[in-house]
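What you are looking at is a predicted structure, and each value in this text was computed from that prediction instead of being measured. Ligands are counted one by one from 1 in listed order, and the atoms in each one are counted from 1 as well.
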Amino acid sequence: MNISKWIFTILIVSLLKPQISIGVSDLSKEFLDFAKKDEVFDWMVGIRRKIHENPELGYEEFETSKVIREELDKLGISYKHPIAGTGVVGFIGSGEPPFVGLRADMDALSMQEMVEWNHKSKVPGKMHACGHDGHVTMLLGAAKILKKHSHLLKGTVVLVFQPAEEGGGGAKQVVDSGSLENVKAIFGLHVSPGHPVGQVFSRSGAILAGSGSFEAIITGKGGHAAIPQHSIDPILAASNVVVSLQHLVVLSMLSRIPSPLAEPLELFLKEVSRNSGNVIIAQATVHRCNATVEFSTKAKPFFPATINDKGLHGHFQKVAGDVLGVENVKEMPPFMGAEDFSFYQEVMPGYFYFIGMKNEKNGNPASLHSPFFELNEDVLPYGAAMQSALAVTYNHDHNT
Ligand SMILES: *[C@@H]1O[C@H](CO)[C@@H](O)[C@H](O)[C@H]1NC(C)=O
């Protein structure tokens, strides 16, 4: 081998090197730069405003589903539809394992938007007041990032556009559809109006509460208000039930019964349903009424608590640190909201986190589920980059 051939070889190797050795950490940073490019940002803003103008309630997300599918078609991403009615599950990568899931919820809330702006909800009484329009957009943003870098991906990223998070338990339907059977882990996010843009918040273990509803029937005996001694008043009994149930919260604070913020949560759920049932029946008895209590999951599914997988916590911290800088990755205390993301976590390791979107111009931003809620569109590139980086790194680390 002569010198010139050596030089030639070295030259080739050094030319190839940046491509071959590009680490996933560098890639994670690159994702954010890409998502912040004007053309990508403006594209996301356009999608978000279109969905915001036409909010649809759980299991009725027909137009939202159409917007998602049109964008996936344009990106050349294959998908399954319908999943759970209006849901869409897209696939990017080799079609081979490992499979990692990214989830966005699609539904709006039944409330009237009170924010006056150019892209206000055009549907009376319906509004994206929980930021799901942003969540869908960020997942489409992640899809664009992943498609653009698909030659560097290992395995397959599964994009889960899920209907009916707001009480409908769409996540359960998606799981039951069997379309996520090969998926080994899943990531979900939620915008947070009170936290700065560029920061993420989460914790290992229990992050969100469970939620459920019960039906209590209190039976008395009707009568005339002027002769109350001849009637048995169920309203008085019910009023006392309401007051007494509040007392359970105090008891949990005093550790007389398990606290909702302490693990194990199953214990709290068992105890709280038993105690609530007892309180209702006892209070009814005091007022000479009869009562039945049923913790029904038929009308409204019981959402389990959202419990972040401990192994994925380390993964999240590392990736979020790469994308945003370690100083922008924060721990948070458990929050008493509930999420149907927990249904995914029942069948696979899952990780849920909050992403800051505080509008610095607005000192007192409206909370989630407020008719004055405003999504700060500056969050879009951060969510898109975070989700895509979490997926790419996961598959990179789990590729065998
Ligand atoms: C409660 O149930 C008992 C037993 O069925 C019945 O005798 C009584 O009348 C009921 N009381 C009311 C207020 O409905």
Side-chain angles (χ1 to χ4, degrees), residues 57-60 107 109-112 125-126 129-130 164-173 175-176 206 208-307 334-340 342-343 346 368-371:
L57 302 183
Y59 298 118
E60 296 171 3
D107 54 327
L109 288 161
S110 46
M111 58 170 60
Q112 178 62 42
K126 294 182 191 171
C130 198
E165 188 280 327
E166 301 289 357
K172 175 105 178 71
Q173 305 272 330
V175 168
D176 291 347
L208 294 173
S211 97
S213 55
F214 62 83
E215 187 178 84
I217 300 176
I218 299 172
T219 318
K221 189 170 156 249
H224 197 291
I227 37 173
Q229 68 274 29
H230 289 175
S231 66
I232 299 176
D233 188 352
I235 295 171
L236 194 59
S239 307
N240 272 284
V241 163
V242 171
V243 173
S244 302
L245 285 178
Q246 288 300 312
H247 190 58
L248 283 183
V249 180
V250 178
L251 283 180
S252 79
M253 285 174 179
L254 295 173
S255 306
R256 299 270 177 80
I257 63 168
S259 158
L261 298 179
E263 292 170 72
L265 281 128
E266 299 73 25
L267 190 62
F268 171 73
L269 289 176
K270 255 188 245 140
E271 285 287 302
V272 87
S273 44
R274 191 172 63 83
N275 282 299
S276 324
N278 288 346
V279 164
I280 294 164
I281 289 162
Q283 282 296 342
T285 309
V286 167
H287 293 86
R288 298 184 297 139
C289 295
N290 291 335
T292 56
V293 186
E294 197 189 341
F295 282 80
S296 161
T297 53
K298 277 192 204 106
K300 266 190 159 190
F302 205 112
F303 288 12
T306 301
I307 301 177
F335 174 57
M336 293 283 272
E339 246 291 339
D340 76 349
S342 51
F343 286 114
E346 289 198 318
L368 300 168
H369 291 219
S370 158

request  = State whether any protein heavy atom lies less than 4.0 Å from atom 11 (N) of ligand 1.
outcome  = yes
task = State the CD1-CG distance between Ile218 and Asn240, to the nearest 0.5 angstrom.
result = 9.5 Å
query = Which part of Lys221 is near ligand 1, with near meaning a heavy atom under 4.0 Å away: side chain, backbone, both or neither?
reply = neither
message = Using a 4.0 Å cutoff against the non-hydrogen atoms of Arg288, which atoms of ligand 1 qualify?
response = 13 (C)
ask   = With no hydrogens and no angle check, is any side-chain donor or acceptor of Gln112 less than 3.5 Å from a backbone partner on Gly125?
value = yes
query = Going by the angle between their ring planes, with limits at 30° and 60°, are Phe295 and Phe214 parallel, tilted or perpendicular?
reply = tilted
inquiry  = With a 3.5 Å distance limit and no angle check, can you tell me whether Asp340 reaches the backbone of Ala171 through a side-chain donor-acceptor pair?
reply    = yes
key: Heavy atom of the protein closest to atom 3 (C) of ligand 1 (residue, atom name, distance)   = Asn290 ND2, 3.5 Å
key: Spacing of CG belonging to Leu109 relative to OG belonging to Ser370, to within rounding of 0.5 Å   = 10.5 Å
task = Mark whether atom 5 (O) of ligand 1 lies under 4.0 angstrom from at least one protein heavy atom.
result = no
